[in-house]
Amino acid sequence: MRHITFSSAIREAMREEIARDDTVYLIGQEIGPFGGFFGVTKGLWEEFGERRIIEPPVSESAIVGSCVGACMMGMRPVAEIMYADFLLYSMDSIVNSCAKARYASGGEISMPMVIRTAFGRGPRFSGDAEHVQNFEAWFAHVPGLKVVMPSTPYDAKGLLKASIRDNNPVIFLEHRSLYDILTGPVPEEEYLVPLGKADIKRAGKDVTLIATGAMVHQALSVADKLASENISVEVVDPRTLRPMDTDTFIASVKKTGRVVILHEAWVTCGIGAEIAAQIADRAFGVLKAPIKRIGPLESPAPMSPILKRAYLPDDTKVINTIKELL
Amino acid sequence: MKLTREELMQMFRWLVLVREVEETYYKLLTQGKKLIGTTQFGTGQEAIPVGACFGLRKDDIVMPYIRGRGVFLVKGIPLREIMAGLFGKSNGAGKGRWAHHHIGYKNAGVLVSSGIIGATIPVAVGAALAIKMKKTDQVVVCFFGDGSANAGNFHEGLNMAGVFRLPIVFVCENNLYCMSTSFSRSTAAKDLADRAVGYGFTGKVIDGNDVLTVYETVQEAVQKARAGKGPTLLECKTYRWHGHNYDDPDVLRPVDERKEWMSKCPIEMFKKKLIKEGMLTEKTAEEIYRDVVNEIDDAVRWAEEGPYPLHEEALRDVSIVYAD
């Protein structure tokens with residue numbers, strides 16, 4: 001099977017859905033001839049033109065708000081917000097206009113829109129504190145929204161296609177360090193990955209390690225290291241954060257009795273808190289140890305090299321946390 | 001654009017209906033009826049929704065603002081459903097789930113609105129963007145108050161409409177007050193219409209109490225938008241007769257200011273004009289009032305008899321759930 005990058009997989013998903021459905025269009029800063037700040041939309045403007053690939057002014061609130069209005073008229077917009085942090089600027093449009101529109105209309109209209117955005121730290125990006133944040137918990141908190149975070153090219157393409165076809169609004173979170181660095185197998189044939197279904201990225205029996213985004217790969221690397229010490233780690237990737245596939249987490253915890261949750265958002269009130277609460281609620285009897293959550297330091301992301309290295313948890317931290325549970 | 005006698009009478013009836021619906025709402029609250037939602041009235045501002053919506057096509061799109069019950073009515077949402085919405089009934093507009101003054105109605109081209117000041121502007125702009133993409137010649141009329149004109153979304157929305165040359169008319173109902181904060185204390189500009197220049201299109205100040213002026217100016221802007229010539233900003237100066245809402249004792253606005261504006265009642269002025277031109281008599285005007293009151297009484301009765309949404313409906317339409 002061919003291997004393509006995370007970025008190419010996302011681009012293919014958009015390309016196929018734009019070609020398939022006349023009502024699908026893209027809107028975002030610099031997504032036209034520039035090809036998108038991270039190069040994800042490269043070539044799409046040349047292929048589909050400015051009617052389908054729209055470059056708006058720097059107006060994140062109105063960009064998202066305009067998508068809401070377009071949905072009311074039967075369109076299916078896919079907005080690209082350059083940095084997830086800028087979603088804060090669109091919060092009202094997302095939470096008050098978008099998430100509630102279907103409810104407000106008594107089911108007359110729907111919001112078949114996707115907001116794609118890039119988040120997270122990565123080796124090639126400067127990593128300013130206000131350009132790397134992770135707010136999936138804030139969106140997963142809101143009834144009416146769906147929140148998706150793929151970790152592989154295969155998942156990214158299938159989930160984005162499914163998100164575009166979903167008649168609910170979807171916040172689609174792409175870890176920017178994966179764009180050009182991560183490659184993976186992606187079929188040529190048409191396929192979808194369903195929203196609301198987690199994925200066992202690596203089977204194991206001693207510990208359940210639930211990880212999101214780029215940390216899925218760190219989780220796999222940790223699992224590899226621990227395998228040589230005869231500790232078998234099951235890596236679970238939620239893929240969709242709202243609605244969350246808790247059944248898969250519970251099935252895994254029933255096997256292992258131990259859970260560690262690893263994400264790039266701050267631990268306090270992060271998405272791991274919700275996962276932990278659901279597991280504690282439904283699998284309390286089978287837990288052999290407390291549920292652990294690992295995330296970055298509780299500070300804005302620092303810039304200077306030594307602080308920067310200390311910010312995200314390294315493999316050692318994850319390994320030690322796992323070993324404490326055994 | 002000359003209106004026939006029939007059309008002028010219809011316009012007069014709309015003004016009377018909008019006024020009487022607002023005053024009925026006020027009366028129902030005074031009677032202690034169990035109504036839902038916040039209680040804003042458009043009394044005194046009737047000429048704007050009536051004048052603006054009168055010439056619109058059924059497939060034109062409107063984004064009302066909080067005092068926009070008149071927009072609902074003239075654009076074609078049945079009065080019974082609007083009334084049932086006030087009572088929070090499940091057969092009312094909004095099905096009891098959403099504030100009755102923010103409901104949408106697909107068949108009448110009314111967009112769902114939000115209570116966040118300014119939030120509706122980008123949504124209306126998005127509807128206009130969709131129209132341009134679909135290449136239909138529909139037009140969007142976006143209503144908002146003077147308060148919205150200072151929100152960031154106003155700036156973002158109008159600029160986007162200007163740069164994309166969208167088929168949208170922005171109608172600002174400047175009633176000179178937010179709640180108790182006057183226009184002059186909150187806005188550095190003298191006229192909001194002046195801001196249009198900054199967005200690449202024309203702005204006009206008009207008398208928001210003269211229904212024919214509103215009608216003609218909005219029609220001109222609508223035709224311009226329909227012809228692909230882009231947006232217009234119309235600032236309609238007007239005044240609300242009641243406080244911000246039912247609970248507002250309205251003691252902070254100067255008494256003589258209110259008196260002066262109330263003497264410029266849009267309905268009285270239009271009635272006088274029609275009588276002077278021989279199109280209407282006092283007797284016919286009274287008949288119209290009586291007919292309107294009957295229509296409203298029927299709607300209130302229908303609304304009171306309607307069902308409330310029940311617990312089983314609580315999670316309906318939050319998200320679309322697909323069967324596995």
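To find a chain, count down the sequence lines: A is the first, B the second, and so on, and within it residues start at 1.
In this structure, no portion of B/Leu315 lies under 4.5 Å from any heavy atom of chain A. For B/Val163, the part lying near chain A is the side chain, with the backbone staying farther off; criterion is any non-hydrogen pair under 4.5 Å. In this structure, the portion of B/Leu129 lying under 4.5 Å from any heavy atom of chain A is its side chain and not its backbone. For A/Asn167, the parts sitting under 4.5 Å from any heavy atom of chain B are the backbone and the side chain alike. If you measure heavy-atom distances from B/Ile121 to chain A, you find no contacts under 4.5 Å at all. Within the 4.5 angstrom heavy-atom criterion, only backbone atoms of A/Glu55 (N, CA, C, O) approach chain B. If you measure heavy-atom distances from B/Ser319 to chain A, the contacts under 4.5 Å come from both the backbone and the side chain.
Enclosure of atom NZ in B/Lys224 by more than 12 non-hydrogen atoms of other residues, nucleotides or ligands within 6.0 angstrom is indicated. For A/Trp45, the CH2 atom counts as loosely surrounded, since its 6.0 Å shell holds 12 or fewer non-hydrogen atoms of other residues, nucleotides or ligands. Atom CZ of A/Arg52 is surrounded by more than 12 heavy atoms from other residues, nucleotides or ligands within 6.0 Å. Heavy-atom neighbours of A/Glu50 CD from other residues, nucleotides or ligands within 6.0 Å: at or below the threshold of 12.
The two atoms that bring B/Arg316 and A/Tyr103 nearest to each other are O-CD1, 3.7 Å, heavy atoms only. Of all heavy-atom pairs between A/Met72 and B/Val112, the closest is CE-O, 3.6 Å. Across all their heavy atoms, B/Pro122 and A/Ala62 have their closest contact at CB-CA, 3.6 Å.
Proximity to chain B at a heavy-atom threshold of 4.5 Å picks out A/Met75 from residues 74-83 of chain A, in numerical order. Within residues 104-115 of chain A, the residues that have a heavy atom under 4.5 Å from a heavy atom of chain B are A/Ala104, A/Ser105, A/Gly106, A/Gly107, A/Glu108, A/Ile109, A/Ser110, listed by number.
Contact tally against chain A (heavy-atom pairs below 4.5 Å) for B/Ile103, B/Leu111, B/Val125: the top residue is B/Leu111. Between chain B and the options A/Ala101, A/Pro169, A/Gly65, heavy-atom pairs under 4.5 Å are most frequent for A/Gly65.
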- Message: Would B/Glu156 and A/Ile63 count as a side-chain contact (heavy atoms from CB on, under 4.5 Å) here? Give the steps.
- Response: CA-CA 9 Å; B/Glu156 292 194 12; A/Ile63 290 168; over 6 Å; no
- Message: Walk me through whether B/Tyr322 and A/Asp166 qualify under side-chain contact (heavy atoms from CB on, under 4.5 Å).
- Response: CA-CA 9 Å; B/Tyr322 300 102; A/Asp166 198 314; 3.3 Å; yes
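At a threshold of 4.5 Å between non-hydrogen side-chain atoms, the residues A/Thr23 and B/Lys134 do not count as touching. Proximity of A/Ile54 to B/Met133: side-chain heavy atoms (C-beta onward) are separated by under 4.5 Å at one or more points.
Distance check, rounded to the nearest 0.5 Å: NZ of B/Lys135 to CZ of A/Arg51 gives 6.0 Å. Here the OG-CE distance, from A/Ser61 to B/Met160, works out to 9.0 Å after rounding to the nearest 0.5 Å. The distance from atom NZ of B/Lys132 to atom CE of A/Met73, rounded to the nearest 0.5 Å, is 14.5 Å. Here CG of B/Asn153 is found 8.0 Å from OG of A/Ser97. Values are rounded to the nearest 0.5 Å.
Under the side-chain contact (heavy atoms from CB on, under 4.5 Å) criterion, B/Arg57 pairs with B/Asp59, B/Asp60, B/Asp137, B/Gln138, B/Arg226, sequence neighbours left out.
Side-chain atoms of A/Asn168 come within 3.5 Å of backbone atoms of B/Ile320 as a donor-acceptor pair (strictly under, hydrogens ignored).
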For residues 28-36 of chain A, tabulate all N or O donor-acceptor pairs below 3.5 Å that involve a side-chain atom, not counting sequence neighbours.
unit_1: A/Gln29; atom_1: NE2; unit_2: A/Pro56; atom_2: O; d: 3.4
unit_1: A/Gln29; atom_1: NE2; unit_2: A/Pro57; atom_2: O; d: 2.8

